[in-house]
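Input: a single structure, listed below in structure tokens.
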Amino acid sequence: MLFYQPRVDLRTGKIIGAEALMRWQHPERGLVQPDEFIPVAEKTGLIVPMGYWAIHQAGQDMRRFREAGFRFGSIGVNLSFRQFKDDFLAKTIRRIIDKNEIDPSRLEFELTETALFSDEAHVQSCLKELSALGIDFSLDDFGTGYSSFALLQKLPISTLKIDKSFVAGVNTSKDDEEIVRAIINLAHNLHKKVIAEGVENKAQLEFLIRHECDQVQGYFFSPPVPVEDFMRMLRGN
């Protein structure tokens with residue numbers, strides 16, 4: 001099942017989107033967290049059909065949001081590096097979009113650096129094809145890997161996501177403060193949006209407001225929640 005963690009605009013304080021996150025409702029073990037099953041799915045290749053299911057389910061939920069009268073930004077869905085091994089990635093996603101009548105401008109795919117470096121030519125081709133449909137892309141966990149500034153120029157990435165490990169240290173570590181400030185400035189200088197993940201307290205939030213971060217997500221506002229709970233949040237938005 002998909003859970004949704006709201007993204008909050010720091011200029012207005014309103015929910016303007018969400019990240020869709022996979023959970024497994026096991027018949028005996030109850031709700032299984034992704035760190036237990038995603039690594040196994042990556043290793044076995046099952047993450048490919050699971051990833052397509054997530055896009056399909058997000059599309060159905062987006063229809064529910066639309067029919068309920070909610071108007072907000074985009075839903076972010078994670079794309080695994082394994083999915084880029086599928087030669088039919090772009091065609092399959094296009095078919096899911098058509099079947100579910102998804103507005104591509106409301107869909108965002110979150111990429112990891114592992115995915116970007118898995119097969120650079122193929123990844124570029126897929127992203128350009130999907131970008132032509134109007135889909136946005138964000139680079140997840142920015143700053144934790146080997147980010148290539150050349151790739152940021154070549155690929156249609158509109159958003160950088162600051163990893164929660166840096167956000168956690170903004171009030172205790174000068175290094176983390178400098179890194180977060182640098183990522184925000186870099187994103188804005190490259191005309192990209194920036195989202196801080198893992199915001200858990202008011203002090204972190206105030207730091208990000210001071211330094212003009214665009215959006216945040218984290219437990220300070222809400223953990224990931226089932227779609228019905230997310231819709232209740234949107235009603236109170």
Side-chain angles (χ1 to χ4, degrees), residues 2-23 31 33-36 38-39 72-79 108-117 136-149 151-152 157-226 229-230 232-234 236-237:
L2 286 185
F3 275 33
Y4 291 90
Q5 185 169 42
R7 294 179 180 168
V8 175
D9 186 298
L10 289 187
R11 292 174 182 81
T12 65
K14 290 188 177 295
I15 297 170
I16 59 165
E19 180 179 358
L21 295 155
M22 202 177 293
R23 299 291 186 267
L31 194 67
Q33 296 299 316
D35 56 358
E36 289 191 60
I38 292 294
F72 60 96
S74 58
I75 297 294
V77 180
N78 292 281
L79 276 189
E108 177 187 300
F109 288 133
E110 299 196 6
L111 311 168
T112 63
E113 291 172 357
T114 308
L116 296 185
F117 287 108
D136 265 346
F137 298 92
S138 62
L139 186 53
D140 205 8
D141 302 336
F142 187 77
T144 60
Y146 300 96
S147 301
S148 165
F149 293 135
L151 273 182
L152 288 181
I157 293 168
S158 64
T159 304
L160 302 183
K161 299 192 76 176
I162 305 173
D163 186 68
K164 60 185 179 183
S165 63
F166 299 127
V167 174
V170 293
N171 299 119
T172 56
S173 165
K174 289 293 182 186
D175 287 345
D176 286 341
E177 285 185 15
E178 290 298 336
I179 289 170
V180 171
R181 270 200 294 265
I183 294 173
I184 293 170
N185 290 332
L186 172 69
H188 289 163
N189 288 336
L190 293 174
H191 308 291
K192 301 181 189 301
K193 297 191 294 289
V194 60
I195 301 173
E197 296 185 288
V199 177
E200 295 187 351
N201 58 56
K202 191 176 180 183
Q204 293 167 355
L205 179 67
E206 289 174 343
F207 176 90
L208 294 163
I209 291 171
R210 276 198 312 276
H211 295 286
E212 300 184 340
C213 186
D214 299 310
Q215 299 173 35
V216 296
Q217 63 184 86
Y219 278 56
F220 182 74
F221 289 101
S222 172
V225 294
D229 292 344
F230 180 61
R232 275 195 285 273
M233 287 183 195
L234 292 175
N237 200 23

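Note that the coordinates shown come from a computational prediction; the quantities given were computed from them, not determined experimentally.
Side-chain contact between Ile162 and Ile179 is absent, with no heavy atoms from C-beta onward closer than 4.5 Å. Counting heavy atoms from C-beta outward, Tyr219 and Gln5 have side chains that approach closer than 4.5 Å. When side chains are defined from C-beta on, Thr159 counts as touching Ile195, because their heavy atoms get closer than 4.5 Å. A 4.5 Å side-chain heavy-atom check between Arg23 and Pro34 finds at least one atom pair inside the cut-off. Contact of the Thr112 side chain with the Asn78 side chain is not registered, since no non-hydrogen atoms from C-beta on lie closer than 4.5 Å. Inter-residue side-chain proximity for Ile75 and Tyr4 is flagged as met; some heavy-atom pair is nearer than 4.5 Å. Annotation: side chain of Val180 is in contact with side chain of Leu208 (closest heavy-atom distance under 4.5 Å).
Counting only N and O atoms by type, the side chains of Ser165 and Asp163 include a donor and acceptor under 3.5 Å apart. Residues His188 and Asp214 bring a donor and an acceptor atom of their side chains to less than 3.5 Å of each other.
Judged by distance alone, the side chain of Lys161 and the main-chain N or O of Glu197 form no donor-acceptor pair under 3.5 Å. No donor-acceptor pair under 3.5 Å is formed between the side chain of Asp140 and the backbone N or O of Glu110.
When the shell of 6.0 Å around CD of Glu212 is examined, it contains 12 or fewer heavy atoms from other residues, nucleotides or ligands.
Classification of Asp141 and Lys164 as a salt-bridged pair fails, no side-chain N sitting under 4.0 Å from a carboxylate O.
Rounded to the nearest 0.5 angstrom, Lys192 NZ and Asp136 CG are separated by 10.0 Å. If you take CZ on Phe137 and CD1 on Ile157, they are separated by 9.0 Å, rounding to the nearest 0.5 Å.
For the pair Ile15 and Phe72, the tightest heavy-atom approach, listed with the atom from each and the gap, is O-CB, 4.1 Å.
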